[in-house]
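Labels below follow one simple rule: chain letters A, B, ... track the order of the sequence lines, proteins then strands, and each chain is numbered from 1.
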Amino acid sequence: MISGEAGASRRDFVVRIARAAGISPLVLGVLAGRGEALVPGEEADLAILYAALALEHHAIALYDVGLERGLFPAGLRAHAVEFRGDHLGHRDTQVAIAEERGGRPPEALASYELGPLQPGDRFVQRALEIEVAAQRAYTGLISQIRTRDYLLSAAFILVDEVRHMTVWRRALGLQIY
Amino acid sequence: MDSTGRQGARSARRRLLGLIALSPAAAWLPAAARLEATDYAGSREVLDAIDAFEVDVASRLEALEVAVPAARAFVESLSRDHLRHREDRRTLRRRLGLEPAPSPPDAAAEDVDLAGLRAAQEALVFAHAEGLPAMGDPAAVDTLARHMVDLSRHLTVIDLWIEGES
């Protein structure tokens, strides 16, 4: 349960990443903990799908840049490749779910404000940030999903995000248990 | 991570589940493949399964702690999470009007086997993931999803441990 200053700080962090990814104000409000609840149903599921997709696009963009420019430490490149592949899979699954429901899933932005990009541990830290944001967004939104099949997919995506986050935390020497 | 094939198997299952999620598009999937994802009938069945899988993991962790004293901090950390999760589930059962968890079977000391621990941990994670759609209660989904985050982290730590030993 998020509470107090630490909770507010965590929410700010997730909202900052989510806003940069292009997430809708409706879902941003939920992530910001402003008390708004999505009205359960198809529309809410699509709003969550689109928010999740925006984060996946953002994550793919970050991994693309990191891999293209050799910003990941050599020993961690295989993990980066694997995680990028996972995000592509999440994206494709959610695009398919949205289209099946007659939605128009958002495409990736033309460009992302990724900020200064430095190699090595600093870039791993950037990858960790987007994974933490994704994990917190999925965790915060999953209980608002009403469609069984999307809920199942979101659950397995969340398992992936935690895995990515844990691997990067360990690479940075942060506590993982 | 892919070298052992574990990750590949896991990814394959996730891809399959992704396809299953797209129900009309997956009509061609053989019945056996559809059955790979457990389709829980309701919240009691989910919670009973989770309780049973957690007992299995806990017994394996106990055996590990005895055999590998260096694993003590790891085991203690996971056990604290299990304790908190169990208490949350107890509260959840009360709120949902479900019977208390059945008494766990005697936890026989398991062989110290990281692969076995990993398999048991993965079963526990999957029970959460596959159980969420059957809960039918947003607050219950929220609670179990947060537990699943802890458990997925545990699973990754075990993976990293296995990777370090290979």
Tested for side-chain hydrogen bond (donor to acceptor under 3.5 Å, both in side chains) against B:His147, the lone hit among B:Asp81, B:Asp88, B:Asp142 is B:Asp88
Tell me, which pairs form a side-chain hydrogen bond (donor to acceptor under 3.5 Å, both in side chains) where one or both residues lie in residues 114-125 of chain A, sequence neighbours left out?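 Found A:Gln118-A:Arg122.
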Q. For B:Ser77, is it the side chain, the backbone, both, or neither that has a heavy atom closer than 4.5 Å to a heavy atom of chain A?
A.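 Interface part for B:Ser77: side chain.
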If one checks every heavy atom of B:Val149 against chain A at 4.5 Å, the contacting part turns out to be both
| Check: B:Trp161 ring centroid to A:Tyr177 ring centroid under 6.0 Å | no
Taking the six-membered ring for Trp, are B:Phe126 and B:Phe53 closer than 6.0 Å centroid to centroid? no
Evaluate the criterion ring pair (Phe, Tyr, Trp, His ring centres under 6.0 Å) for residue pair A:Phe123 and A:Trp168; output intermediate values, then yes/no. CA-CA 10 Å; A:Phe123 196 78; A:Trp168 292 143; 9.1 Å; no
Highest number of heavy-atom pairs under 4.5 Å with chain A among B:Met135, B:Glu76, B:Met148, B:Arg80 belongs to B:Met148
Using a 4.5 angstrom heavy-atom cutoff, name the option from B:Ala134, B:Gly131, B:Ala139 with the most pairs to chain A.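 It is B:Ala134.
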Which answer fits [X], side chain, backbone, both or neither, if we ask what part of it has an atom under 4.5 Å from a heavy atom of chain B?
X: A:Arg170; result: side chain
X: A:Gln135; result: side chain
X: A:Arg169; result: neither

By salt bridge (Lys or Arg N to Asp or Glu O under 4.0 Å), B:Arg95 pairs with (sequence neighbours left out) B:Asp137
